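Note that this is a predicted model, so its numbers are computed, not measured. Whatever order the structure lists them in is the order used to number ligands and atoms, beginning at 1.
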Amino acid sequence: MLKKILIANRGEIAVRVMRACRELDIPCVAVYSEADRDALFVRYADEAYCIGPARASESYLNIEKIIKTALEKGADAIHPGYGFLAENSEFAAATKAAGVRLIGPSSRVMALMGDKVAARNVMAKAGVPVVPGTDCCITDPDQALKTASKIGYPVIIKPSGGGGGIGMTVVPDEKGLTDALKDTQKIAANTFGVDDVYIEKYLPNPRHIEFQILADSHGNAIHLGERECSVQRRHQKLIEESPSPVVTQVQREKMGNLVVGAIRSVGYECAGTVEFLYSEGEFYFLEINARIQVEHPVTEMVTGVDIVKEQIRIASGLPLSVSQEEIQMHGNAIECRINAEDPLNDFEPTPGKLTGYHSPGGTGIRVDSGVYSGFTVPPYYDPMISKLIVWGKDRKEAMDRMRRALYEYVIAGVRTNIPFHKAVMKNSRFIRGEIGTHFIEEETGLIEDIKDLLAQEQTLGDKLSLKSGKKARVAAIAASVVASQFNKHQGTESR
Ligand code: MV4
């Protein structure tokens, strides 16, 4: 087993990884920026070292400094979490050169997966369905026109070095293709350093469904079923669940086995996610993410597998602790990402001091967070406060539990997207599981629902804080939230 792990990340995921380390009795080292001095993960760690200023390029992205800290402090491995250096193949190569293990795939596999055209070809060769499109990069307009008319409009042009939706252009018909090609190439060059692009058939309103996989150095590879991540906005996921409301056991086994076969064929060795678009009953491969993902807890809740511990086992050269036959999905899990952002102001970030913080608890609740009451959410990074994850014996119980948990959650001092999640949990399409990647923009009524919710809470909060005095404001907010949920105590002052 690894002797000491440095966590090259911050926030909730740093805490998540350290929790696994603590259970495995492996000491953990935090590295942090000046903006994160007071963060929970710094206090949680066995040792913590400041590695630079708030600006990520000088701290969380500072390859040299991070590797130097690992060597100096005797860490034999680095866990990169998600974002920052997690899928940086140069970082993977530099860690290896320094004799430190990276908890993730090799730099070769990382580079292969980072090249979206290469990844598409690998998957197609292994029999995984891919979106109809090109198997090489498109350079000139004639080639583009020929390809597009073959696959049929609308098409989507994507940067090969990209991922996550950046720089993609949808082209409805032949007219706009030449200009769109030029534009996408320019964006690709500016963003990813190479102007390679490829073309796929555009699927109008697909679901986003992804499979969790694990592969060790002994040739064992398994999948842990799928996650449905369709509720997202501008490529930021907001709600994820497992299993997907539309995937049957037969489809799950079929796709799971295909995916496992494909990752075996490339010598993949770590946890990963294979992303698909899903439309009219069919799956289409999109890309592979060679990292732990934000939404991994929903898979942990339904399978009982601790994915981070498995990552650490894999990096230690140990075999996976479970076989495919032992994996069973139990019940349903839903995750809401709780962000410091204002759903009534175009989801603009709202960093600041959490003057009051009370997280929900009870049966079937998991809260992964990197904050505490009195903590100030810094403005420099992603504004996620926590992930609220619930488990239920079926999807209905999971939704009922999520509603209950959201109404217990008290965060004072900054606006959050909790009212957004409350509105979605009441949305009839969401309840029926009828979601696609355009769900949020289609459900324009959500904004009105959020306004109503906030007005109700405001009214009750005002009444209660008059009665209970300033010191009890946080408690009053909690009470108002609960009351507005049940709509029973409105207009009464009995509470
Ligand atoms: C697509 C698509 C429709 N057709 N590809 C955006 C993120 C990146 N991983 C892939 N993306 C898409 N690729 C084809 N051929 C629609 C999207 C897309 C999307 C995908 C997953 C989740 C949310 C999305 C939101 C808008 C567009």
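Shortest non-hydrogen contact noted between His296 and Val308 is NE2-CG2, 4.1 Å. Nearest heavy-atom pair across Tyr381 and Ser33 is OH-OG, 2.6 Å.
Considering only non-hydrogen protein atoms, atom 8 (C) of ligand 1 sits nearest to Met168 CE, 3.4 Å. If you check which protein heavy atom lies closest to atom 27 (C) of ligand 1, you get His235 CE1, 4.0 Å. For atom 21 (C) of ligand 1, the nearest non-hydrogen atom of the protein is His208 ND1, 3.3 Å. For atom 20 (C) of ligand 1, the closest heavy atom belonging to the protein is Leu277 CD2, 3.7 Å. The nearest heavy-atom contact from the protein to atom 19 (C) of ligand 1 is Thr437 CG2, 4.1 Å.
In the model, Ser57 has no side-chain atom that pairs as donor or acceptor with a side-chain atom of Asn62 under 3.5 Å. A donor-acceptor contact under 3.5 angstrom links the side chains of Gln293 and Thr273, judged on distance only.
Distance screen at 4.0 Å: atom 24 (C) of ligand 1 has a protein heavy-atom neighbour inside the cut-off.
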Would Tyr32 and Arg10 count as a side chain to side chain contact (heavy atoms under 4.5 Å, CB included) if you check the C-alpha gap in whole Å, the side-chain angles of each, and the deciding distance to 0.1 Å? CA-CA 7 Å; Tyr32 62 95; Arg10 60 180 299 282; over 6 Å; no
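A donor-acceptor distance shorter than 3.5 angstrom exists from the side chain of Arg264 to the backbone of Gly219, with no hydrogens or angles considered.
Taking CG of Asp195 as the start and CG of Leu181 as the end, the distance is 9.0 Å to the nearest 0.5 Å.
Between Lys201 and ligand 1, an N or O atom pair is found at a separation short of 3.5 Å. Taking any N or O of Leu203, backbone or side chain, at least one lies under 3.5 Å from an N or O belonging to ligand 1. Note: no N/O pair closer than 3.5 Å links Tyr202 and ligand 1 by distance alone.
Heavy atoms of Lys158 approach ligand 1 to within less than 4.0 angstrom.
Here is the list of ligand 1 atoms found below 4.0 Å of a heavy atom in Glu287: 9 (N). For ligand 1 and Val131, the ligand atoms under 4.0 Å from any heavy atom of the residue are 15 (N). The atoms of ligand 1 that sit less than 4.0 Å from any heavy atom of Glu275 are 9 (N).
Taking the centre of each ring, Phe84 and Phe91 stay at or above the 6.0 Å mark.
Screening Lys387, Arg337, Arg227 for a salt bridge (charged side-chain N to carboxylate O under 4.0 Å, His left out) with Glu240, the sole residue that qualifies is Arg337.
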